[in-house]
Number of protein chains: 2
Amino acid sequence: MTVTLADVAARAQVSPATVSRVLNGNYPVAASTRERVLKAVDELDYVLNGPASALAAATSDLVGILVNDIADPFFGIMASAIQSEIGGPGGRAGGERLAVVCNTGGSPERELTYLTLLQRQRAAAVVLTGGVVEDAAHRAAMDAKLRKLTEAGTRVVLCGRPPAPGTGAVALAFDNRGGAQELTEHLIGLGHRRIGYVAGPEGQMTTRHRLEGHRAGLAAHGIAADPRWVVHGRYDRQAGYEAALELLRRDASLTAVVAANDSVALGVCAALRDSGLGIPGDVSVAGFDDLPFSVDAVPALTTVRLPLAEAGARAGRIAMGREEAPPGGIASVRGELMVRGSSGVPRG
Amino acid sequence: MTVTLADVAARAQVSPATVSRVLNGNYPVAASTRERVLKAVDELDYVLNGPASALAAATSDLVGILVNDIADPFFGIMASAIQSEIGGPGGRAGGERLAVVCNTGGSPERELTYLTLLQRQRAAAVVLTGGVVEDAAHRAAMDAKLRKLTEAGTRVVLCGRPPAPGTGAVALAFDNRGGAQELTEHLIGLGHRRIGYVAGPEGQMTTRHRLEGHRAGLAAHGIAADPRWVVHGRYDRQAGYEAALELLRRDASLTAVVAANDSVALGVCAALRDSGLGIPGDVSVAGFDDLPFSVDAVPALTTVRLPLAEAGARAGRIAMGREEAPPGGIASVRGELMVRGSSGVPRG
DNA sequence: CTCATCGCAGAAAGCGCTTGCTGTCACCCG
DNA sequence: CGGGTGACAGCAAGCGCTTTCTGCGATGAG
């Protein structure tokens, strides 16, 4: 029914071994023989059996990419960049590889399960993106899993994710703390003193780092951090909308609001507008990430640009062994402050 | 080195066959035995070898999802919905499946190559999204490939994509023509007569259908379509920006511009603003798709909402055999007109 | 002219799992 | 109390490929 290597071999009058070697091209085969084999492959419309080949060779050409939410451009951009580098029909980077994009939905359990699934498939490499939950038990489980993967020969790269020491995984971490601090200092430089902060979900490292950076920025200028000025929520527009309303309720004298990311910032903007406040006339707003839509917001969003595509591409290359890992297996990726229309001098 | 089924069997004092059956749960195994096996699996930290299992069982639990660009929310949303339905650790939908998201970048060749790769992996199902190129040779090649896949037992679903008759593939097509017509008629209803149209790339079916719908809308109200009012470009913001400028250059008296999709519409808005024109005061703008950011644009974008997530979820279920295919294997998915701030009565 | 050498092709032993078929008990019914 | 019937467990034959090792003819050196 299905065409196998043996069929091709028979038609080309050679042994299966020879066909395999022609297809893999890692063993000398006479040109005339090769040609004959290729012709047979073509005539029979032969398609290699991936599982069989993976079993025999003890490796597969699958590469896993873990993301929190593929519908979110933040992850989409990274995934796209990673994929463009891991080979596949896209980038001419050696053998054709298949990228397996896994949606963890931010759930630690799913993350673990997907890793097992990938391990089961004997994936060639795994790139993990997205946040890390600050739960000791989960981190230990993750680290154990990652270690097992690297020990089994799977290359593991953390992209935009804090390092996992002792696991053998290479990490390209975003400098969330530094970026957030720079952003807050920009607002302070404009004259803002009462700055609200819409943070991400509690218990996430990204949330904590960005918040810490914000506070460091305040501290650097001797501004006391008022706990009423911080509200936690999800990393989405809706959460931003609600958080902004809450912030206003707590202290209507705020002159600026920093959001955990751009989506949240958009929600904040909508809430402010719906409350009759002008941006940046009444309240300045700032985001984080610099996703494509941020420049199109009106006014355009002041934010911290994270080099998502570059970091993803680099992670992809490292995962493929086409670029050396950074010294110590850890690199910090800096963001860049993008000052745009949504931030201005405070009113009054 | 690596733990195999046999190791587990030895430890649990049973035969490999029994272990396999416990793990697959499709054969009666005594509770006490099962427990013993599970214990051994746990103790040895056994991970099933995917390729070996796929080879022996002649099926794999991989599901392919083809998208044009994973960084584009249009595809991200569909991919996410599809994935949530195909099982995986996310949706509790039977066995754990791995979604393979493939970025075709809109290239017909890559589309074909990915399909071969998926065929090679003996994928359980494949969901294709994204546009179709109107090239006869390519379509024939695609159809042949799809037929081969369905013949090999792979379920093939086209999501938001025109049907491929005779291939055995199920199609959930978006009613681009109808949506575009409705949108244009909405503008006409407001009083617009000179309506610019920023179309997608030529030679794509989606582009053609939307443009045809637009023209049908004009025709229905006896408005002659002026060829100068149509500009083609890519499906992105940049193209929209440039196209809008070109449109204005050709005829500054346009009172409305319809864009091929929301991203393009955003570019159009930016260009209009940069030209000192108000929206919708001077020119009304409309998009297509209703992506999440469209409601946040200022003014919010009038557009046609495509039920991306619903269609994706349905496609996923059909691919998994958990929902029956529509009669004839073809269903048309309608869009819904979303009237928002970017469209108003024409000036003057 | 002989023997080591080289270049290429084939034989065959798995890779780790699934599954049809064949036992082997234990139990129940007559 | 015997044979029929189930409920489980094991045997063993692959699944389709890779790869080591062996074989063989041709070539070049001595």
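Computed over heavy atoms, backbone and side chain alike; hydrogens, waters and symmetry mates excluded.
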Figure out the CZ/C1' separation between R120(A) and dC15(C), and round it to whole Å. 18 Å

Between P on dG16(C) and CG on D7(B), what's the gap in Å once rounded to a whole number? 9 Å

Measure from the side-chain N and O atoms of R34(A) to the backbone N and O of G25(A), and report whether any donor-acceptor pair falls under 3.5 Å. no

Within the pair N24(B) and dT18(C), is there a side-chain N or O less than 4.0 Å away from OP1 or OP2? yes

With sequence neighbours excluded, give me every side chain to side chain donor-acceptor pair (under 3.5 Å) pair touching residues 134-143 of chain A. E111(A)-H138(A), E134(A)-R208(A)

Rounded distance (Å) that lies between atom C1' of dG16(C) and atom CG of L44(B): 15 Å

Rounding to a whole Å, what distance do you find between L48(B):CG and dG16(C):P? 12 Å

Can you check the L5(A) CG to dT19(D) C1' distance for me, whole Å? 13 Å

Whole-Å distance between dG14(D) P and L55(A) CG? 17 Å

Please tabulate, one pair per line, each protein N/O and nucleotide N/O from nucleotides 5-7 of chain C that are separated by under 3.5 Å, including the distance.
none

Does E43(A), at its CD atom, have more than 12 non-hydrogen atoms belonging to other residues, nucleotides or ligands within less than 6.0 Å? yes

Rounded to whole Å, CG of N26(B) lies from P of dG20(C) at a distance of 10 Å

Do any side-chain nitrogens or oxygens of S53(A) fall under 4.0 Å of OP1 or OP2 in dG16(D)? no

Do the side chain of S20(B) and the main chain of P16(B) share a donor and acceptor less than 3.5 angstrom apart? no

Integer-rounded Å distance: dG16(D) P and Q121(B) CD: 15 Å

What residues from residues 9-21 of chain B pass a heavy-atom cutoff of under 4.0 Å to DNA chain C? A17(B), S20(B), R21(B)

R120(B) and L117(B), any side-chain heavy atoms less than 4.5 Å apart: yes

Has the side chain of Y27(A) got a donor or acceptor atom sitting under 3.5 Å from an opposite partner on the base of dA9(C)? yes

If the test is side chain to side chain contact (heavy atoms under 4.5 Å, CB included), which one of T113(B), V100(B), V63(B) qualifies with L118(B)? V100(B)

Select one nucleotide: of dT19(D), dT18(C), dC17(D), the one nearest the side-chain heavy atoms of T4(A). dC17(D)

Report the residue from R314(B), R317(B), R97(B) that forms a side chain to side chain contact (heavy atoms under 4.5 Å, CB included) with E85(B). R317(B)

I65(A) and side chain to side chain contact (heavy atoms under 4.5 Å, CB included): which partner among V157(A), I70(A), I82(A)? I82(A)

For S107(B) and T104(B), which I'm curious about, is there any donor-acceptor pair between the side chains at under 3.5 Å? no

